[in-house]
Amino acid sequence: MSLDIVITPEANNGKRISIAGSLDSNTAPQLQQSIDNEISDSVTATIIDFNGLDFLSSAGLRVIFKAKKLMDGNGGKFLLVNLQPQIKKVFEIIKALDGMNVFKDQEEMDEYLAAMQDKVKEGE
Amino acid sequence: MKIKSSQSLASRLSLWIVSLAIVIFTSVITTNNYLSRALLDDYVDKLARAATSSTVDKIESVFDRAESSADSLASVVAIAGTTEDEVHKAIKSLLPINAQTFGMSVALEPHSLLDTVADFAPYYYKKGEALIYENLATDDYDYRNQFWYSETKKINAPLWSDPYFDEGGGNVQMITYSKPIYHSVTKEFAGIATADIKLAWLDKIADEIKVGRTGYGYIISRNDIVIAHPDRSLNMKNLADVVSDDIKPEDWQKYLDSKSSSASVSLKVPCPYQEGNCRVAIESLANTGWKVIVVSPEQDYLSDINRLTRNISYVAASGIIILFLVIMVVTHRLTSPLSNLALATKDIGAGNLDAALPDAIRRDEIGALTEDFSSMRSALKTYIKEVRTATAKQQKLESEIQIAKDIQMSMIPQYGNAFIDSDEFQLYALLRPARTVGGDLYYFQQTDKSLHFILGDVSDKGVPAALFMAKTVTLYTRALRDKLSPGETFTMMNDILAENNDACMFVTALCGSIELKTGSIVMSNAGHMDPIIRDPVDTRAQEIKGATALGLMDAIDYPDIEFRLEHDTSLIMYTDGISEAHDVDNKQYSDERLIELISSIESSNSEDIGHKIIDSVDNFAGGDTEQFDDITLLIIRYH
C-alpha cells in the first residue's frame, strides 16, 4: 500500500501535512522527506492530518515522534487531528498520547487554537 | 528475428514501385493506342478520300477531252451545206488530237444535213498510227436503232453509254459519248457525233489505286457493273457479286444509294475480304455517274500501331526490369547496414557487448542510427560495469549483514529459537526477523528462585532497529545483574535509551520475573501489547498497566504489576509482527483472532502452542508475500 502526502499552508505560518494510505516502514521515509523539506525553523505549527490514514506502524510512529521533537525544539506547536480509531489505538498501546496534542476533529482543534490565541493576547 | 526475403524492405519497395510503374506504363500505352486509333481513323478516311478524288480527276480529264472532241465534231458538222468529204475530213482531223479517244463517228438523220443522202454514218478508229474507216450505215447494223443513237435522240442531250464490248469496231471494251447535232439554221436534230474510249486504260488506273499495304480501288458504272477492278476476273460483274458473302448485298446497296451524290463519302464497314473494318470512300464521276470506290482495311495501319504499341511495351518492360534491379540493388545497399546492425543487436542481446558494429560512415538516417547504437552500447557497457560494482558492494554488504545477524542472534538465548522444559515451567521462544536482521528481541534468565524474561519490539526494522535492539538487550542484562525489579528495569533502560535519541527510535516491551515456587509474578509494560493468559478456565488478554514505550521521553517511572500465575497456566507474549500480519486483502491478523486461536489449541505444551500460532499466521499472510514485520513469540507455561 502506498502513502499520499498533501501539504497545505495554515494560518500564522503553519503547515498541515495530510497523510492517507499506509504509513509503514516502506512509506515512512517519504513522510520524513516531506517533513525535512517543509518544516523549517520558521514554521510555528505543524498539523498532521490523519484523515485517510488506514495503517500506522512503529516505523511511522518514529517519524511522527521525530517531527514532534523537532517542533518542541523550535518552540512550535505539534498537533494531530482526525485520528481514526485503529490509528488512535496504536498511540494508546505504546502509551504515547500523553503530552501529545491530539484532536478528534477539525472543530476541536480550531477551538484549541482559538483558546491559545486568546492566551497569547492576554499575555501581551 | 529472421526476415523472409519476400518481406524485406527491398522486396516491398520494389514491389510497390514496380507495380506503380506497370500501372503508369499500361495507362500510357493504352491511352496511346486508343488515341492512335482515333487519329488513324481520321487519317485513313482522308487517305481513302484523297485516293478516290485523284482517281476521279484522272478519269474525268480523259472523259472531258473525249467530250470536247465529240462536241467540236458536232459543231463542225452542223454547219449548213457541209459535204460528205468535209465530214470525213473533220473526223480524221479531230480523232488523233486526243490520245485516249479510240474512235469517232458522225451518224446523220436521213436527208438532214446532206439532202441527198439517206443513211450516212462514217466511223474512224485507231489502229497503231493509222486511222481505219468503217461505214456503219449498213443494213445489218442499222445504226439508228442502236442504243447510243436512239437513246441520245430520245433524251435530246449528250449521253455516255454504259460499257460495252464493241464487236463491230475495235473488238474491245469501250464506252461511247454521244453528242446530238443540230442543224445550224433550222436548229433541228440532225444526227449524232460520237467519241469512243477504250476501257483498257481504266484497268491501269484501278491498278494504280493504292492505299496502305492492301488497300485497293475499283470503278463501277451507274448500274453497279464493275468496270475496272484490280482483279480482272471481276470486270463486268455485278457489284453484288464483287462484295464478299460476309456483307449482305442489300446493305452494300444501301450505302451506295444513300451516298450517290457527286461529293465523296466515306464510311466504315466490315472488310469484304478480311478481318476487321474497312474504310470505304466513294465518289461519283460528274459526267457518267460512275463511282470510284476505294477500300482501305484498317488492319494495314492497326498492325503498325500494334507494332508500335508492342515496341513501346518492350521498352517499358525492359525499363521496369531495370527499375526493379536498380531498386533491389539500391535498397539492399541502403538496408544491408541495418541487417548487420540487427545481427550486432542479437550479439549484444546475448551479452557480447564488443560485437562489431557496421561502420557509421554514412551521413544518412542509418548512419545516425549506427552512431546512436554505438553510443547506446557504450552507455550499456558503463551501466553494466556500474551494476557489477553495485552488485559487488551489495554482496559485501549482505555478507556483512549476515555476520551481523549471527552476532544479533548470539545476543539472545539459543539463537532465537528456544525451548526449555523444566520441572517448574516450559518456555518456548521464537524470533524471526522480516529482514536478515531485525529489531525484535527476547531474553530470559533463570536464577535460583526466579525466571526473568523480556520481550520487546524496536520501532521499524532492519539495521537501525537491530542496533537499537542490541543496546536494549545489553541494558536488560545489566538490569538483571543489578537485580532490578521489572519496573526499575524499564525506568533505568528508558532513561539511557532516551538520552541523545535524535532518531526517536523506541522500544515497546514487556518484562517480568516469576517466582517459580509460588507462581507469583511481577511484570512491567513499556507501551507494549498486553500478554495473553491461557489457564484451564479461559484464554484472555491480561492487562498490564504501564507507561510510554522506551526511548521517547526520559524520567518516567514504570510501575511493577504483581499477580499470580495459577498452575497449568501459560503466559503468551508477542510482537505486532503476529497481530498485524496482513493477508492478501490487507486485512490484519488481529489480537482477537490470536486469542481465539490459542483457546482452540488442545495441547498445553508451549512448543505446540508456539508452532500452531506461527503456522496460523503464516497461512494467514499467504506463502508468497514477504513477511511483513519481525515476529517474536514468548510462551511461558507455569506447571
Side-chain angles (χ1 to χ4, degrees), chain A residues 1-4 17 20-36 39 41 46 48 52-74 78 80 84-102, chain B residues 434-435 438-440 456-465 468 490 494 498 500-510 524-530 541 543-553 556 558-559 575-577 579-582 585-588 590-591 626-630:
Chain A
M1 261 183 67
S2 62
L3 178 71
D4 294 323
I17 300 174
S22 173
L23 181 58
D24 53 35
S25 53
N26 291 326
T27 58
Q30 289 175 39
L31 181 60
Q32 185 65 60
Q33 186 73 43
S34 297
I35 289 170
D36 291 347
I39 311 301
D41 292 353
T46 300
I48 311 284
L53 191 74
D54 300 319
F55 180 74
L56 175 62
S57 81
S58 59
L61 278 172
R62 192 183 69 76
V63 176
I64 303 286
F65 293 139
K66 203 176 167 192
K68 180 182 188 304
K69 202 166 201 170
L70 178 70
M71 291 310 292
D72 288 349
N74 292 345
F78 188 72
L80 308 181
Q84 295 175 49
Q86 78 270 23
I87 302 297
K88 198 168 181 190
K89 190 182 161 199
V90 174
F91 280 94
E92 282 167 358
I93 288 172
I94 68 158
K95 312 231 165 31
L97 287 175
D98 296 345
M100 286 263 191
N101 290 315
V102 178
Chain B
R435 299 176 187 167
D440 276 12
D457 177 2
V458 179
S459 56
D460 213 344
K461 50 193 171 184
V463 172
F468 212 74
F490 278 168
N494 179 54
N500 296 325
N501 184 16
D502 292 337
C504 285
M505 297 292 286
F506 61 88
V507 194
T508 67
L510 287 170
S524 190
N525 186 351
H528 198 82
M529 290 162 291
D530 291 327
E543 189 187 6
I544 309 289
K545 282 204 167 121
T548 314
L550 305 172
L552 285 174
M553 50 186 112
I556 296 174
Y558 290 86
T575 59
D576 56 10
S579 58
E580 291 179 2
H582 295 330
D585 298 326
N586 231 26
K587 226 160 57 195
Q588 289 188 11
S590 82
D591 302 337
E626 194 190 344
Q627 186 180 319
F628 158 75
D629 199 356
D630 304 333

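All values below come from the heavy atoms of this structure, side chains included, with hydrogens, waters and symmetry mates left out. Reminder, nothing fancy here: chain letters follow the sequence lines and each chain counts from 1.
- The two residues B/Ile544 and A/Lys95 make their nearest non-hydrogen contact at O-NZ, 4.5 Å.
- Between chain A and the options B/Ala526, B/Gly546, B/Gly551, heavy-atom pairs under 4.5 Å are most frequent for B/Gly546.
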### Trace of the side-chain contact (heavy atoms from CB on, under 4.5 Å) decision for A/Ser25 with B/Arg435
CA-CA 12 Å; A/Ser25 53; B/Arg435 299 176 187 167; 4.2 Å; yes
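- B/Glu580 is not listed as a side-chain neighbour of A/Ser58, based on a closest heavy-atom distance of 4.5 Å or more.
- The residue among B/Ala503, B/Ala549, B/Gly439 with the most heavy atom pairs within less than 4.5 Å of chain A is B/Ala503.
- Side-chain contact between A/Ile93 and B/Asp576 is absent, with no heavy atoms from C-beta onward closer than 4.5 Å.
- Contacts of A/Phe78 classified as ring-ring contact (aromatic ring centres under 6.0 Å, His included), with partners at least two apart in sequence or in another chain: none.
- The SG atom of B/Cys504 sits 9.0 Å away from the CD atom of A/Gln32 when rounded to the nearest 0.5 Å.
- Contact tally against chain A (heavy-atom pairs below 4.5 Å) for B/Asp530, B/Asn501, B/Asp629: the top residue is B/Asn501.
- Residue contact with chain B, scored on non-hydrogen atoms closer than 4.5 Å, involves the side chain of A/Asn26 exclusively.
- Residues of residues 62-74 of chain A lying within less than 4.5 angstrom of chain B, judged on heavy atoms, are A/Arg62, A/Phe65, A/Lys66, A/Lys69 in numerical order.
- Interface remark: B/Asn525 contributes side-chain atoms only to the contact with chain A (heavy atom separation under 4.5 Å).
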